[in-house]
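Below is one structure, written out as structure tokens, with a few remarks after it.
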Amino acid sequence: MTMSLPWRPILAVTAVAALATGGALLTLLPASTGEESLIVTTPTNGSDSATRSVVVSGTGTDDAIVRIYDAHSNAILLGSTKVIDGTFSTVVEYADDAPERQGLYIDAIKEDGFLDADVVDITLPAVETDPTTTGSSSATASTPR
């Protein structure tokens with residue numbers, strides 16, 4: 001008579017333990033609503049701004065703080081605002097000497113921590129130079145024109 005191991009019960013117990021452990025781990029993760037917690041509606045990626053005052057707006061999770069950073073440094077905070085009734089809006093002002101091509105790194109945080117982020121590239125208008133201050137001049141303080 002040959003003796004075989006009870007492999008079916010061992011396999012069944014192992015499978016049940018693995019499924020129970022996986023299910024327990026999944027209950028520890030935050031619930032997902034299937035919706036993004038940050039949607040930037042303006043400016044759109046790749047858009048040209050008509051002015052050097054750029055409106056950043058969109059939708060997000062209520063009471064979250066939306067922070068706007070320079071995407072090239074991720075350290076320069078350009079502005080922040082709070083999401084109220086599911087929407088946010090703020091204005092980022094660029095100086096005349098700021099490069100025309102800009103990137104915005106926009107994220108949302110809440111007391112629980114980080115929620116979501118987005119990156120938007122924009123082009124600012126060129127700054128018009130004042131024709132009276134450019135070019136060479138032979139005038140000096142002692143010899144006016």
Side-chain angles (χ1 to χ4, degrees), residues 1-137 139-141:
M1 177 176 207
T2 60
M3 187 170 174
S4 65
L5 292 174
W7 62 271
R8 286 185 181 164
I10 293 172
L11 183 61
V13 169
T14 305
V16 168
L19 289 173
T21 303
L25 290 175
L26 286 176
T27 60
L28 296 176
L29 297 174
S32 173
T33 61
E35 297 177 14
E36 294 183 59
S37 55
L38 175 70
I39 298 174
V40 179
T41 54
T42 62
T44 57
N45 193 34
S47 64
D48 294 335
S49 177
T51 68
R52 289 186 163 253
S53 297
V54 178
V55 175
V56 179
S57 64
T59 60
T61 303
D62 278 341
D63 297 323
I65 302 297
V66 176
R67 304 177 300 183
I68 300 107
Y69 292 94
D70 177 355
H72 303 292
S73 73
N74 284 347
I76 300 172
L77 182 64
L78 302 173
S80 64
T81 189
K82 188 173 186 176
V83 178
I84 299 172
D85 294 330
T87 63
F88 67 90
S89 182
T90 191
V91 176
V92 175
E93 299 283 344
Y94 286 96
D96 288 345
D97 62 348
E100 291 177 26
R101 299 201 36 108
Q102 293 290 328
L104 301 172
Y105 174 84
I106 305 157
D107 71 8
I109 60 170
K110 207 167 175 177
E111 62 270 357
D112 312 20
F114 178 82
L115 295 175
D116 205 354
D118 198 0
V119 176
V120 178
D121 292 318
I122 60 171
T123 303
L124 300 174
V127 175
E128 294 183 26
T129 57
D130 184 359
T132 61
T133 61
T134 59
S136 63
S137 173
T140 63

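Hydrogens, waters and symmetry mates are skipped; everything else that's a heavy atom, side chains included, is used.
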Within this structure, what is the CD1-OG1 distance for the pair Ile39 and Thr59, rounded to the nearest 0.5 Å? 4.0 Å
Using modelled atom types and a 3.5 Å cut-off, is there a donor and acceptor pairing between side-chain atoms of Thr123 and backbone atoms of Asp48? no
To the nearest 0.5 angstrom, please state how far the CZ atom of Arg67 sits from the CD1 atom of Ile109. 4.0 Å
Where do Asp116 and Ser37 come nearest, in terms of heavy atoms and distance? CB-OG, 3.2 Å
Is the backbone N or O of Ile84 less than 3.5 Å from a side-chain atom of Asp62, with the two atoms forming a donor-acceptor pair by type? no
Side chains of Leu115 and Leu38 in contact at under 4.5 Å (non-hydrogen atoms): no
Looking at every non-hydrogen atom in both residues, tell me the closest pair between Ile65 and Ser80 and how far apart they are. CG2-CB, 4.5 Å
To the nearest 0.5 angstrom, please state how far the OG1 atom of Thr44 sits from the CD1 atom of Ile122. 10.0 Å
Shortest non-hydrogen separation from Leu124 to Val54 and the atoms involved: CD2-CG2, 3.7 Å
Do other residues, nucleotides or ligands put more than 12 heavy atoms under 6.0 Å from the CD1 atom of Ile76? no
State which residues pass salt bridge (Lys or Arg N to Asp or Glu O under 4.0 Å) with Lys82; sequence neighbours excluded, sorted by chain then number. Asp63
Walk me through whether Val66 and Val83 qualify under side chain to side chain contact (heavy atoms under 4.5 Å, CB included). CA-CA 7 Å; Val66 176; Val83 178; 3.6 Å; yes
Show me the side-chain donor-acceptor pairs of residues 98-106 shorter than 3.5 Å, one per line, residues at least two apart or across chains.
unit_1, atom_1, unit_2, atom_2, d
Gln102, NE2, Pro99, O, 2.9

Does any part of the side chain of Arg52, heavy atoms only, come nearer than 4.5 Å to the side chain of Val127, both counted from C-beta? yes
With rounding to the nearest 0.5 angstrom, report the OG1 to CD distance, Thr51 to Glu93. 7.5 Å
Any heavy-atom pair between the side chains of Val55 and Ser89 that's under 4.5 Å? yes
How far apart are the closest heavy atoms of Asn45 and Val119, and which atoms are they? OD1-O, 4.2 Å
